[in-house]
Amino acid sequence: MSKTLYQGEVKEPDGWVGKALPRMEDSKLLQGQGQYVDDITLPGQLHAVFLRSPHPHADITSIDVSVAESMEGVMACLTGDDFSNTSPIKPNWVLPRAIAKGRPPIAQGRVRYVGEPVVVVIAKSEALARDAADLVKVDYAPLPFVLDQDEALEANAPRLHEDMASNEAALFAPGNGGFDDAAGQAPHRFQFSLRNQRLIPFPIEGRCVNADYEVSTGRMTLYIGHQLPHMIRRMMSEAIDFPENKLRVVSPDVGGGFGAKMHFYQEELIAAIASIKLGRPVKWTERRDEHVAATTHGRDHTMDVDVAVDEDGKFIALRVDSRANIGAYMSSMGSGIPTVNVGLFVMGVYAIPHVEARIRCVYTNTTPVDAYRGAGRPEASYVIERTIDRIGHELGLDPAEIRRRNFLKDDELPRRQPTGAMLDTGRYHHTLAEVVAQSDYEAFRLKQSDTRASGRLLGQGISNYTETCGIGPGQIQAYVGFDRGGYESARVRMLSDGRAVVYSGSHSHGQGHVTTYAQIAADELGVSPDLIEVIQGDTDAVPQGIGTFNSRSVVVGGSAVKVASSRIAERINVLAAHLLQAKQDEVSRNGDVFSVNDGEKSVTLREICKVAWNGHNVPFDFGIGLEETEFYHPKSMSAPYGAHVAQVEIDPRTGELSLDRYVAVDDCGRVINPLLARGQVHGGLAQGIGQALYEDGTPLENGSTPLEPSIPRFDMVPKYESSHTVTESWTNPLGAKGLGEAGTIAAPSAIVNAAIDALWHLGVRELEMPLTPARILAAIEQAQSSGGAK
Amino acid sequence: MIPAPFNYERPNSPEAALALLTATPDAAFLAGGHSLLTRLKRREERPPLVIDLSGTGLDKIQTTDDGGLIVGAMVSQAELVNAVSEADWTLLKNTGFSAGDPMIRHRGTIVGAMCEADPRGDWAATALALDASVELLLVNSGRHSITYADYLTAPPSEAHLVLSTSLPAQPKNAVQSYSKVKHIAVGWAVASAAIVMSPDHVRIALSGALDAPQRVPTLEQAVVDMVSKTPDAQAVKAVISEALSGLHWQGDRYAPADYRAHRMAVLLEDVISDHLKLLTFS
Amino acid sequence: MSTPKHAQPEQLSVTLKLDGQMQTQPVDARDLLVTALRSEFGATAPHIGCESGRCGACAVLVDGAPVKSCMMLAVQADGAEVITARGLAEETPEGKALQSAFQEHHALQCGYCTPGMLSSAIGLLRTNLSPSDDDVRQALRGNLCRCTGYEHIIEAVISAAASLSQEGQSA
């Protein structure tokens with residue numbers, strides 16, 4: 001791309017893009033008049049309730065639905081036998097050579113995790129269905145089970161899938177090799193282990209589906225809170241061999257997704273099949289106890305690090321050997337998230353001559369694990385950002401200094417890292433300098449040493465995260481086995497009255513597309529955003545699209561809006577010239593008025609739009625109307641990055657950690673709407689802080705998932721300090737990079753680094769997330785009992 | 001999360017409520033509802049009848065001549081906290097601020113919380129430290145008052161309704177406090193202590209970590225012995241450690257039992273030392 | 001497993017003044033207020049998040065005070081005035097200011113927790129028109145939001161309080 005890249009800070013914009021516009025979609029939501037799937041009740045509505053496995057691993061020895069089935073108002077009780085001809089759900093991303101074991105729609109004789117559906121009861125009300133489910137009798141013969149991925153790899157571990165030789169589902173090994181030779185000569189070498197614990201996505205709205213098959217037309221409408229309306233249409237169509245042109249997916253307002261609402265689950269498959277069978281709409285609303293057990297989890301990845309550095313602390317070689325727990329079955333992206341999305345980024349923003357990663361995906365008797373906000377990049381960022389801090393501490397170098405010594409330089413970008421990650425643009429020194437200044441980093445260092453004598457434990461941690469986002473291009477997706485398009489669609493239509501509609505294949509579940517897309521289109525069309533309506537989430541209205549994940553909605557979906565809108569703007573200019581009987585370069589536009597010869601002749605935008613659509617006075621080859629569709633397909637992904645600093649104090653008597661300051665400087669290229677960008681940063685930070693300090697979805701000993709995974713509340717997060725540096729991307733016409741996942745990627749390592757910085761002198765080397773007071777205290781005591789720092 | 005079916009009655013007197021309870025085995029009383037409704041939704045309990053106490057007239061707070069309080073069974077935590085003065089009832093005010101959240105305190109009743117006596121709860125410890133008693137309506141024996149401590153350890157075997165709790169006026173010169181380490185995401189106590197302390201009257205009740213909220217008489221006596229002596233941090237630590245050593249602790253992943261025991265000791269060291277200083281210098 | 005003793009749920013009638021309108025609907029004895037509001041009264045502003053009193057998405061005003069409507073039975077609200085997010089602007093003095101401030105400060109993303117959040121915030125503003133950052137955090141800790149990270153909500157509540165107290169002074 002030939003355009004000059006902008007490198008600076010957020011500045012007052014010339015147009016609508018860049019303005020901190022309040023959201024246009026808020027009004028109905030503020031009145032409680034949003035429409036979420038559970039708000040939709042159809043005539044003849046039936047309700048599904050699932051009976052789920054209480055065992056992590058068991059054979060089903062008998063199911064008796066006779067009493068339940070005979071209850072007044074119960075329409076059907078379906079078991080595995082009713083679905084023996086339905087194939088397991090096909091994962092969407094199957095790494096080459098992976099062994100994909102998809103979820104059966106309902107357990108077929110054997111259950112493999114607590115929460116797996118065993119029976120579905122469909123009745124005239126949810127309460128009735130629940131009452132009937134109580135009367136279903138299921139007998140189980142429990143089997144030995146394994147919950148932990150490292151244990152599952154042991155030779156004698158219980159086997160999840162009997163036709164497999166082991167529980168290993170996939171292997172991914174990126175890097176350029178040469179570790180042993182390089183590390184063998186190195187003056188310093190450090191080895192340690194890290195863990196990203198299991199997390200529960202926990203959108204406040206659970207999943208919900210309402211499948212409405214219309215017998216008379218053979219059409220089905222699937223109302224579902226989903227991040228990928230068109231993808232779920234395709235996947236459903238494939239799964240039950242339903243004509244895709246007769247299947248409409250409506251995803252109205254979505255109450256948060258965070259990755260968990262982009263998969264194809266058993267419940268929607270069963271609702272659709274049941275609706276076809278019964279000829280009536282079937283609704284299922286997830287309850288919170290089902291969410292924690294039956295909706296995909298995130299992370300759960302253990303890692304061993306082996307790193308070699310020279311006398312100056314510069315990287316010589318890095319090896320990461322890791323095991324990802326993907327649960328009992330392979331969910332949609334289950335083999336891709338912990339492999340490609342981790343392996344590519346383990347080098348972070350550093351120059352590392354030799355890198356070897358080996359990542360194994362492992363089946364266990366747990367809820368399937370899949371994308372959760374950040375989706376692989378938090379794990380990668382955690383490993384490299386914890387590693388570089390560790391090196392700094394070991395060598396007595398400040399964490400900021402060790403980073404400066406290892407950063408890729410501005411002019412080394414664009415660069416494809418040996419692991420495969422494409423870093424488009426970045427000014428890592430600059431952004432670190434910003435956060436060091438804003439966080440009073442040096443002053444904190446002085447305070448830290450001044451207060452240490454009195455026993456206070458202060459610490460600060462840095463995270464210089466990077467990631468790539470805005471997936472495709474599709475060719476790369478094909479290469480890694482990701483069966484999903486890499487483009488996004490936008491159809492922009494300017495109507496007779498000069499107002500416009502944008503139809504987007506992307507779909508907001510809180511991000512604010514209605515406002516940001518209107519801003520993008522407004523600049524191209526030359527009208528104010530409040531004249532632009534954004535439609536999304538209905539496959540009958542929107543052209544074929546992909547959806548919202550991987551921080552792609554601005555960079556890919558927004559680029560589609562920009563390109564389509566700019567083509568309309570061009571048509572408007574052509575028609576204006578035609579109507580003014582002038583050459584295009586003679587026409588000047590002032591607001592809504594197009595004129596020639598200093599206003600001697602003029603025509604309004606509205607007049608042009610009307611002419612375009614009635615077609616009475618348009619050049620024949622101009623065609624009719626002002627409507628353009630763009631399937632924007634990126635050639636490369638963008639690599640947002642940033643530098644975050646966390647400052648903490650730990651109470652040595654109680655292990656309690658106080659997160660006193662959190663300063664985030666993010667670089668997502670061009671910022672479309674600073675207000676909404678800040679919202680994205682804050683939301684990601686809360687989740688990242690949640691991972692670092694509170695949340696834990698690790699199953700209990702009996703294999704069940706804790707009901708309350710400590711989601712952060714108001715009084716559990718600090719006031720965030722957030723700003724941006726701006727280094728535009730050349731990968732898309734907006735110059736933008738994604739931002740939605742930054743906080744979750746950066747915060748865990750920044751906070752754990754800070755905690756270890758506070759405790760290093762006591763001899764504490766590693767701490768496992770979440771950093772509960774009990775864990776911190778135990779680490780302090782253990783370090784002290786083993787003689788403290790060397 | 002839908003309860004199993006039940007019938008519903010809203011009687012207009014305590015006597016009528018108790019009559020309904022005795023007429024329907026396994027019926028349940030509904031006051032603030034936070035504990036009961038949760039169990040009903042999980043179908044851990046399936047009472048055939050739910051008896052709503054909101055019409056029984058038990059919604060009053062009375063002040064006795066000597067400055068004590070009689071708090072009806074339907075008085076919400078928020079109502080009680082708003083009705084009492086900070087000077088006389090610091091402990092109630094403190095407890096009110098740290099229990100649950102504003103919406104829970106608005107519906108939840110103090111008597112209901114005392115009846116539940118959840119090991120992680122707040123109000124039971126506070127009631128114990130205040131020497132609360134409870135007024136009962138027993139199905140055979142009529143009205144009867146017993147100390148709350150006795151009610152917890154030996155509740156009457158016959159069917160009954162708790163009508164109210166009486167909180168006696170506290171010693172004028174006493175320091176009162178409720179200190180709590182919160183199980184941060186769920187709001188329950190990891191460790192908490194309700195304390196009323198004057199030179200000759202010490203009540204220390206603990207919650208958050210034990211099988212049930214309880215007073216620690218050995219610690220109370222040790223503290224009485226320390227009042228008016230020069231505060232000595234080591235001595236305080238020693239008596240706390242001694243007093244806590246016989247107690248049984250519960251735990252979970254966030255705060256394992258041994259951590260709770262440790263955290264309780266630290267909490268008590270801080271609070272008791274503070275209170276001893278206040279008493280010594282006042 | 002034995003058949004429940006009361007297989008047929010008991011039907012009762014409940015009358016509410018709901019967002020300014022008197023309405024009577026049949027409910028089951030076991031219906032939670034939130035269930036009845038959504039299914040019988042057609043009021044979908046309160047949302048179901050956890051049904052266990054943890055998330056606050058179902059909070060509404062019952063006789064002027066914020067209540068988690070999953071933590072009471074519908075029959076317990078018989079005769080009460082219930083205000084949901086839909087009626088806030090018309091039926092409460094604080095509703096409009098809060099809604100504008102929420103929009104201005106980007107205090108909502110997916111909007112699912114928002115109706116409950118607004119109800120809780122009204123509870124705070126009725127006792128405190130100059131809340132500190134910490135006052136808001138404590139008063140609203142019964143409401144979970146997974147999108148915003150809370151800070152914009154805090155800014156919005158403080159800003160609404162300021163505009164309300166200014167209005168109060170100029171009136």
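Below, each value reflects all heavy atoms present in this structure, side chains not excepted, and no hydrogens, waters or symmetry copies. Chain A is the first sequence line, chain B the second, and so forth, proteins listed ahead of strands; every chain is numbered from 1.
Looking at H106(B), the atoms closer than 4.5 Å to chain C (heavy atoms on both sides) all sit in the side chain, from C-beta outward. With a threshold of 4.5 angstrom between heavy atoms, C70(C) approaches chain B through its backbone and through its side chain. Looking at L30(B), the atoms closer than 4.5 Å to chain C (heavy atoms on both sides) all sit in the side chain, from C-beta outward. For R43(B), the part sitting under 4.5 Å from any heavy atom of chain C is the side chain, from C-beta outward, and nothing else. With a threshold of 4.5 angstrom between heavy atoms, L73(C) approaches chain B through its backbone and through its side chain. For L32(C), the part lying under 4.5 angstrom from a heavy atom of chain B is the side chain only.
Put simply, of T38(B), V50(B), V186(B), the one with the most heavy-atom pairs under 4.5 Å next to chain C is V186(B). Top candidate by heavy-atom pairs under 4.5 Å with chain C, chosen from L40(B), L37(B), I104(B), is L37(B).
Between D101(B) and K68(C) there is a salt bridge, with a side-chain nitrogen of the basic residue lying less than 4.0 Å from a carboxylate oxygen of the acidic one.
With contacts defined as side-chain heavy-atom distances shorter than 4.5 Å, the pair S52(C)/M1(B) qualifies.
In this structure, P102(B) and A139(C) approach most closely via the heavy-atom pair CG-O, 3.2 Å. Minimum interatomic distance between W188(B) and R54(C) (heavy atoms only, all atoms of both residues): NE1-NH2, 3.5 Å. Residues Y8(B) and A29(C) come closest through the heavy atom pair CB-CB, 3.8 Å.
In the displayed structure, E90(C) atom CD is contacted under 6.0 Å by at most 12 heavy atoms of other residues, nucleotides or ligands. Around NZ of K96(C), the count of heavy atoms belonging to other residues, nucleotides or ligands within 6.0 Å does not exceed 12. Within a 6.0 Å sphere centred on CD of E44(B), heavy atoms belonging to other residues, nucleotides or ligands number more than 12.
Across M103(B), K41(B), R107(B), a single residue satisfies side chain to side chain contact (heavy atoms under 4.5 Å, CB included) together with M71(C), and that is K41(B).
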Begin from the C-alpha positions of M72(C) and H34(B) and carry the test side-chain contact (heavy atoms from CB on, under 4.5 Å) through to its verdict.
-> CA-CA 8 Å; M72(C) 67 187 284; H34(B) 281 80; over 6 Å; no

